[in-house]
Amino acid sequence: MIDKLMYFRGDKMAVVLMFNIEKSKAVKIKVLCRKFFMEATEVSKENFGCKISYLLGMSEYREGAENSDFSEEMLYLADINGGLLSVFLDQLKRKKASVGLKAVKTETNVNFTPYELYNEISAEREAIARGESAH
């Protein structure tokens, strides 16, 4: 079993950061994460101005920005490979725990705050809805 887990997540623990997730949905997501041996963390609004690298434990510097609140649900998926990611997202839909805004960890967005990430993926979603290029 350990070999399969290492295959799915590589050498890093897969992490799901949750923002503004309603309580019953958060419970479903946490149960699903445990099923896949992933860590699920609810991020409090007071940390929406911190860099995602800090929230993931990659940095000790707790940088904070003011006026960084948003109310829409969002998930940030870190260190989850493609195969597991597809299965996880499918299971979220099946459990009726899907979240509209999702981002996968990249070298660029790990340096964003959740608020900056929210603004970025919201703008991308709006551009796509208008039939325009996201970038």
Side-chain angles (χ1 to χ4, degrees):
M1 184 70 156
I2 297 295
D3 291 340
K4 288 182 182 176
L5 293 177
M6 296 309 285
Y7 170 76
F8 279 127
R9 32 175 220 204
D11 61 347
K12 296 180 183 174
M13 173 65 123
V15 177
V16 176
L17 299 178
M18 300 184 290
F19 305 89
N20 297 320
I21 306 296
E22 182 270 322
K23 197 78 153 163
S24 64
K25 187 184 285 190
V27 169
K28 290 178 184 180
I29 294 170
K30 287 178 180 180
V31 167
L32 189 58
C33 285
R34 277 194 297 270
K35 178 181 175 182
F36 290 109
F37 302 94
M38 300 176 351
E39 179 183 337
T41 302
E42 291 183 73
V43 179
S44 63
K45 287 186 180 284
E46 63 209 24
N47 289 316
F48 285 10
C50 298
K51 298 284 184 185
I52 291 173
S53 59
Y54 172 79
L55 298 174
L56 292 172
M58 298 169 58
S59 168
E60 292 182 16
Y61 183 60
R62 188 187 184 278
E63 190 174 332
E66 293 184 30
N67 301 322
S68 55
D69 192 19
F70 59 95
S71 59
E72 199 167 350
E73 294 181 326
M74 183 173 75
L75 292 179
Y76 186 84
L77 310 158
D79 302 315
I80 305 173
N81 80 14
L84 180 58
L85 179 61
S86 296
V87 173
F88 179 74
L89 294 175
D90 181 59
Q91 287 296 308
L92 282 178
K93 287 180 190 174
R94 290 176 187 246
K95 303 283 184 194
K96 299 196 184 330
S98 190
V99 173
L101 295 177
K102 294 176 279 305
V104 175
K105 178 182 153 191
T106 67
E107 288 182 29
T108 301
N109 71 22
V110 77
N111 294 308
F112 290 1
T113 66
Y115 181 71
E116 292 168 334
L117 180 65
Y118 167 77
N119 287 330
E120 179 74 18
I121 61 179
S122 292
E124 289 175 2
R125 176 182 59 187
E126 291 168 12
I128 291 168
R130 291 189 307 269
E132 300 172 359
S133 173
H135 288 282

Lys45 atom NZ, over 12 foreign heavy atoms within 6.0 Å: yes
Heavy-atom side-chain proximity of Glu39 to Val16 below 4.5 angstrom: no
Interatomic spacing from NZ in Lys30 to OG1 in Thr41 - rounded to 0.5 Å: 8.0 Å
Backbone N/O of Phe112 and side chain of Asn109: donor-acceptor pair under 3.5 Å: no
Asp79 side-chain N/O to Val15 backbone N/O, donor-acceptor pair under 3.5 Å: no
Closest heavy-atom pair and its distance - Glu72, Asn20: O-ND2, 3.1 Å
Aromatic plane relationship, Phe48 with Phe70 - under 30° parallel, 30 to 60° tilted, over 60° perpendicular: parallel
same_hphob_cluster(Met58, Val43) at 4.5 Å side-chain heavy-atom cutoff: yes
Pairwise side-chain contact, Lys96 with Lys28, heavy-atom cut-off 4.5 Å (strictly under): yes
4.5 Å side-chain heavy-atom contact, Phe88 and Cys33: yes
Distance (rounded to the nearest 0.5 Å) between Lys102 NZ and Arg125 CZ: 10.0 Å
Shared hydrophobic cluster for Val87 and Met38 (ILVMFWY, side-chain gaps under 4.5 Å): yes
Within 6.0 angstrom of Arg94 CZ, more than 12 heavy atoms from elsewhere: no
Interatomic spacing from CD1 in Ile52 to OG1 in Thr113 - rounded to 0.5 Å: 7.0 Å
Close side-chain approach of Tyr76 to Val110, heavy-atom, < 4.5 Å: yes
Lys95 and Val31, any side-chain heavy atoms less than 4.5 Å apart: no
Atom pair CG/CD1 of Leu89 and Ile80 - distance to nearest 0.5 Å: 8.0 Å
Flag for Ser44-Glu42: side-chain donor and acceptor within less than 3.5 Å: no
Backbone N/O of Asn111 and side chain of Lys51: donor-acceptor pair under 3.5 Å: yes
Nearest-0.5 Å distance, CG of residue Leu55 to CG of residue Asn47: 5.5 Å
Min side-chain heavy-atom separation Val99-Ile21 under 4.5 Å: yes
Distance (rounded to the nearest 0.5 Å) between Glu124 CD and Glu132 CD: 13.0 Å
Shared hydrophobic cluster, Val27 / Ile29 (ILVMFWY, side-chain heavy atoms < 4.5 Å): no
